[in-house]
Every structure is written in structure tokens, then in C-alpha cells.
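These notes concern the structure reproduced below.
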Amino acid sequence: SFNHIFKMALNPPITSNYEPCWVEGERFILKRNEIEFEVKVPEMGTFKGKGVLVLTTARMVLVNSKGKGDCWSFDLPNANIYHEKFNQPIFGANYFSGKCQPLFGLIPGDCSFKIWFMSGGCGAFLWCIDEVFKKVWANTSAGPSPSLISQVSS
């Protein structure tokens, strides 16, 4: 499966337009602007950012296009995400949270993450991530169905 090509990583390559560098076989699904994120990595600390979430067939890429600091991007492989949850607090923005296992021991242990949707756009994201997780859990390496691609593209 091409999912194993991707490594949960701090600062994976991004373009000057704040897009992830694509890998052969990876398909773009959804992009959400105006997000904020926090990723806690054991023994490495907490990484925060403001910017863009890109969902692909293989991963979620958090891009810190508006913030500063040591983290300008972070990869979360879809196949390694667990305890995922959509949170709707009474005060504050809705957010998606979960944990993610590292591939090949590239970071010291499982990270926890939160992704806040500062300008909405949660509905389409939740529908798409649900479809992606169904494929991951069904253990198919074919990626999303053509119907998912056509519905998101239209």
C-alpha cells in the first residue's frame, strides 16, 4: 500500500504556495483554509500553527502558512490515525482531534493532535474524512472511490 510511503513527519516538504509536495499515486481530496492546529509529540514538545489543512488519499497535511516557529508543516498518515473525534464546544471553534502512530519510529511515540476550523467548512471535511477512513479500515490500497473524487471535484 502506498500509505506506508508517507511518514508522520515534522516539516515535510511544501511548495512556495503552501501545498504539500505530491507523491506518485497520492490524490488530492480537500483543502481547508483558516485552520489552527496543535500537535503534541512525546519528548519533542508541542507544535502549533495557523494556516491550511490538506486532505489526500494518504494523509492529512497541516501547513503553518500564517504562523511562525519551528513547525511549518506536519504529516498525519490516514492509516495511522485513531481515537479520532469531532468536537463542538459551546465556546470556541469546532475541532477535529485524535492520535496518530508514527511510521518507522521517526518520532518518539504516538502524537496527539487538534485541528480547529476557524471559518467553518467542517461538514465537507467530516464527510470526506469519513469516506477516507472507510477505505483505510477496509484495507484497500486503491484509494477513494471514483464517486468520492467526482463528488469532491464538482
Side-chain angles (χ1 to χ4, degrees), residues 1 3-4 6-12 14 17-20 26-140 143-145 147-149 151-154:
S1 164
N3 283 332
H4 297 294
F6 299 99
K7 301 166 177 63
M8 177 175 45
L10 175 63
N11 299 326
I14 56 173
N17 294 329
Y18 301 107
E19 296 283 337
E26 181 179 30
R27 302 275 307 264
F28 169 85
I29 297 176
L30 182 76
K31 178 179 177 181
R32 281 291 167 258
N33 296 312
E34 303 298 324
I35 60 110
E36 294 184 11
F37 67 88
E38 175 183 279
V39 181
K40 293 182 181 180
V41 181
E43 301 176 29
M44 291 179 71
T46 300
F47 301 95
K48 295 180 180 184
K50 295 179 181 182
V52 177
L53 161 70
V54 176
L55 176 64
T56 76
T57 52
R59 59 189 170 148
M60 285 192 285
V61 184
L62 307 171
V63 181
N64 186 12
S65 59
K66 295 184 179 174
K68 299 183 192 258
D70 295 334
C71 176
W72 60 82
S73 58
F74 204 94
D75 271 1
L76 298 165
N78 296 333
N80 291 23
I81 293 173
Y82 65 99
H83 292 315
E84 68 283 345
K85 181 179 179 188
F86 182 64
N87 304 274
Q88 295 179 291
I90 294 172
F91 299 105
N94 294 334
Y95 66 97
F96 185 71
S97 63
K99 293 185 177 279
C100 190
Q101 298 171 330
L103 288 178
F104 313 118
L106 291 174
I107 62 173
D110 295 7
C111 74
S112 60
F113 65 88
K114 292 181 181 175
I115 304 166
W116 288 271
F117 296 85
M118 305 309 290
S119 295
C122 305
F125 168 78
L126 290 173
W127 185 83
C128 289
I129 196 73
D130 185 55
E131 292 296 309
V132 168
F133 284 154
K134 283 178 189 173
K135 289 290 183 185
V136 168
W137 294 329
N139 200 24
T140 61
S145 67
S147 64
L148 171 63
I149 296 297
Q151 288 174 3
V152 172
S153 300
S154 56

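Any value given below was found using the heavy atoms of this structure, including those in side chains, with hydrogens, waters and symmetry copies removed.
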CH2 (Trp72) with more than 12 external heavy atoms under 6.0 Å: no
Is any side-chain heavy atom of Asn78 less than 4.5 Å from a side-chain heavy atom of Lys135? no
For Asp75 against Arg59, the heavy-atom pair lying closest together: OD2-NH1, 2.8 Å
Heavy-atom side-chain proximity of Ile35 to Phe117 below 4.5 angstrom: yes
Side chain proximity check, Asn64 to Phe37, heavy atoms < 4.5 angstrom: yes
Of all the heavy-atom pairs spanning Thr46 and Lys40, show the shortest one and how long it is. OG1-CG, 3.4 Å
Looking only at non-hydrogen atoms, find the nearest pair between Phe125 and Leu30 and report the distance. CA-CD2, 3.3 Å
For residues 114-130, which residue pairs pass the salt bridge (charged side-chain N to carboxylate O under 4.0 Å, His left out) check, not counting sequence neighbours? Asp130-Lys134
Sort out for me which residue in Glu34, Met118, Lys66 forms a side chain to side chain contact (heavy atoms under 4.5 Å, CB included) with Lys50. Lys66
Applying side chain to side chain contact (heavy atoms under 4.5 Å, CB included), name anything that partners Glu43, two or more places apart in sequence or on another chain. Pro108
Using 0.5 Å steps for rounding, measure from the NZ atom of Lys31 to the CG atom of Leu55. 13.0 Å
Are the side chains of Val39 and Cys100 in touch, meaning some heavy atoms are under 4.5 Å apart? no
Taking all atoms of both residues into account, what is the closest heavy-atom pair of Gly51 and Ser65, and its distance? CA-OG, 3.3 Å
Go through Tyr82 and Asp110 one step at a time and tell me if the side chain to side chain contact (heavy atoms under 4.5 Å, CB included) criterion holds. CA-CA 10 Å; Tyr82 65 99; Asp110 295 7; 2.5 Å; yes
Throw together a table of side-chain donor-acceptor distances under 3.5 angstrom for residues 84-99, partners on residues two or more places apart or in other chains.
from: Asn87; atom 1: ND2; to: Lys85; atom 2: O; distance (Å): 3.3
from: Asn87; atom 1: ND2; to: Tyr95; atom 2: O; distance (Å): 3.3
from: Asn87; atom 1: ND2; to: Ser97; atom 2: OG; distance (Å): 3.0

Side chain to side chain contact (heavy atoms under 4.5 Å, CB included) partner of Ile29, the single match among Ile129, Thr56, Val132: Val132
Measure the CZ-SG distance between Phe74 and Cys111 for me, rounded to the nearest 0.5 Å. 4.5 Å
For a quick test of reading the model, state the closest non-hydrogen atom pair linking Arg32 to Gly121 and the distance between them. NE-O, 2.8 Å
